[in-house]
Amino acid sequence: MNILVTGGAGFIGSHTLVELYAAGHTAVVVDNLSNSNPESLLRVADIAGIGVIPFYQVDIRNRAALEKVFSIHHFDACIHFAGLKSVSESVEKPWEYYENNLSGTLVLLDVMRRHGCKNIIFSSSATVYGDPQEIPITEQCPKGQCTNPYGWTKSMLEQVLTDIQKSDPEWNVVLLRYFNPVGAHPSGRIGENPNGIPNNLMPYITQVAIGKRKELGVFGNDYPTPDGTGVRDYIHVVDLARGHVCALNAILRSCGMAIYNLGTGQGYSVLDMVKAFIAVNHVDVPYSIKPRRAGDIAACYSDPTKAQVELGWKAERGINEMVRDSWNWQRNNPDGYGNN
Ligand code: NAD
Ligand code: UFG
């Protein structure tokens, strides 16, 4: 299949491109580079053993530019990663988040349908479950109250996509609810490239390990979890990327509307992650306990059975590979792709 990959220069998009090519698909990338560097695409091309990845530096809110891309290429499906994703920034700049993520997706969907491409895989998040009513979380678990504008953009876009598919059954819509992506390609050539101070645990750990930051703050050790620190379902980005390739099969069999959790089903605490990182990589990660972070929940992990049964997908990489590959990427690229 020929796939439009929006946001393909970013963290998850770049890893997904590698897996798409490995599975025999082709891709065209549209990205405005607001949170990425085109160097990632050069490296993807190297890893995939192809000459060059067709790339357009286009903002998906720019209808005319997007129309032009669709007039040049025929797409069988779109994997839609493009969006702003920082929880804390979204609290400070809600308008920018709603405008970018909602308007961008609405323009994309309109251009897609005008060109007869009605197959989309959307990057959603476990954040749509809010404080989940049940753990492990199945797709049956009702959506909850999000604690920040970023989360609401995901929840709202899930609704938009659901209603569009309901009104026009020619659409195939796959909502993938990611848990906590970490790790990097084992080559150490592509990985997560956060701008400024990382919000997320793993990039913070790697930046402490390499000496860019003094110590990790562990946000709370009084949660009702085995060691008191927050528990999450960390998933290796290569497994996550492969989940998208499997989701294309759902589209091929005309799934209509489908929702899948992409996680391992295994929860690890903040201290589990820190200890595994130190043990596997033989580097120190100084940390101290800080107050709880506003909006955090105690524990969140998936029941990934549905993706296994219906997509034939299962996460295969464990905590040791996650911490090893995260460190391998950071160590080989202390300044990421060089833009921060
Ligand atoms: P990322 O920031 O690395 O990649 C997103 C890409 O989209 C970037 O390259 C950015 O430049 C591009 N982009 C943003 N707005 C755009 C626009 N208007 N037009 C064109 N390009 C635009 O983020 P990521 O971690 O790879 O996440 C990919 C998707 O997965 C996002 O939608 C994110 O919300 C979602 N997601 C991420 C996580 C996570 O923890 N990384 C968890 C759940 C869901
Ligand atoms: N944490 C720390 N110190 C840090 C950063 C994080 O102790 O410096 C803790 C958090 O308190 C939490 C755990 O590490 O217990 C994970 O925090 P992250 O910020 O890495 O991830 P979250 O689970 O809070 O949220 C992430 C993404 C969201 C996404 C969600 C589910 O940031 O966008 O996973 O996919 F919605």
Side-chain angles (χ1 to χ4, degrees), residues 5-16 29-38 40-41 56-62 65-66 79-88 90 96-97 99-101 103-105 107-108 122-129 146-148 150-151 153-155 157 176-182 191-195 197-205 207-208 213 215-221 223 225 229-235 237 240-241 244 261-263 268-271 273-274 287-302:
V5 182
T6 72
F11 173 44
I12 304 170
S14 56
H15 289 81
T16 301
V29 171
V30 161
D31 197 305
N32 67 358
L33 303 181
S34 59
N35 195 38
S36 52
N37 187 310
S40 65
L41 297 176
Y56 296 88
Q57 185 173 351
V58 158
D59 190 304
I60 56 168
R61 290 167 294 178
N62 182 342
L66 208 50
I79 305 183
H80 177 30
F81 295 106
L84 298 176
K85 65 157 185 178
S86 162
V87 168
S88 57
S90 79
E96 282 75 5
Y97 270 66
E99 204 273 330
N100 189 78
N101 293 4
S103 303
T105 304
V107 171
L108 173 70
F122 176 63
S123 296
S124 190
S125 166
T127 200
V128 301
Y129 292 112
C146 297
T147 52
N148 57 79
Y150 163 72
T153 69
K154 293 296 173 193
S155 189
L157 286 170
L176 297 181
R177 293 177 177 161
Y178 311 157
F179 282 68
N180 289 58
V182 295
E192 192 170 4
N193 191 34
N195 272 319
I197 303 172
N199 288 297
N200 296 118
L201 178 65
M202 186 53 80
Y204 209 104
I205 291 177
Q207 291 198 6
V208 170
R213 318 231 164 248
E215 64 168 19
L216 171 75
V218 174
F219 299 143
N221 67 347
Y223 285 107
T225 60
T229 65
V231 167
R232 296 290 183 275
D233 184 342
Y234 297 94
I235 174 170
V237 66
L240 187 67
H244 294 75
N261 287 337
L262 293 185
Y268 288 111
S269 73
V270 176
L271 292 182
M273 296 303 282
V274 172
Y287 66 85
S288 66
I289 306 297
K290 299 277 191 245
R292 290 183 180 193
R293 182 171 68 177
D296 271 356
I297 56 176
C300 170
Y301 54 92
S302 68

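First listed ligand is number 1; within each ligand, the first listed atom is number 1.
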Ligand-residue contact atoms, ligand 2 with [X], heavy atoms, under 4.0 Å:
{"X": "Asn199", "result": "5 (C), 19 (O)"}
{"X": "Phe179", "result": "31 (C), 35 (O)"}
{"X": "Tyr234", "result": "13 (C), 14 (O), 16 (C)"}
{"X": "Gly230", "result": "15 (O)"}
{"X": "Thr127", "result": "36 (F)"}
{"X": "Val218", "result": "7 (O)"}

- So is Ala9 polar-close to ligand 1, meaning N/O to N/O under 3.5 Å? no
So is [X] close enough to ligand 1, meaning a heavy atom under 4.0 angstrom away?
{"X": "Pro181", "result": "yes"}
{"X": "Ser124", "result": "yes"}
{"X": "Val58", "result": "yes"}
{"X": "Arg177", "result": "no"}

Nearest neighbour of [atom] from the list [options], on a heavy-atom basis:
{"atom": "atom 22 (C) of ligand 1", "options": "Val5, Asn32, Ile12", "answer": "Asn32"}
{"atom": "atom 11 (O) of ligand 1", "options": "Asn37, Thr153, Asn180, Asp31", "answer": "Asp31"}
{"atom": "atom 33 (C) of ligand 1", "options": "Phe122, Tyr150, Tyr178, Tyr56", "answer": "Tyr150"}
{"atom": "atom 24 (O) of ligand 2", "options": "Arg232, Arg293, Lys290", "answer": "Arg293"}

- Message: So is Tyr223 touching ligand 2 or not, going by heavy atoms under 4.0 Å?
- Response: no
- Which segment of Leu33 sits under 4.0 Å of ligand 1 when only heavy atoms are counted: backbone
- Message: Using a 4.0 Å heavy-atom cut-off, which part of Asp296 comes near ligand 2: side chain, backbone, both, or neither?
- Response: side chain
- Do Pro181 and Phe11 come close enough that some side-chain heavy atom pair is under 4.5 Å? yes
- Query: Of all the atoms in ligand 1, which lie at a distance below 4.0 Å from a heavy atom belonging to Ser125?
  - Reply: 43 (C), 44 (C)
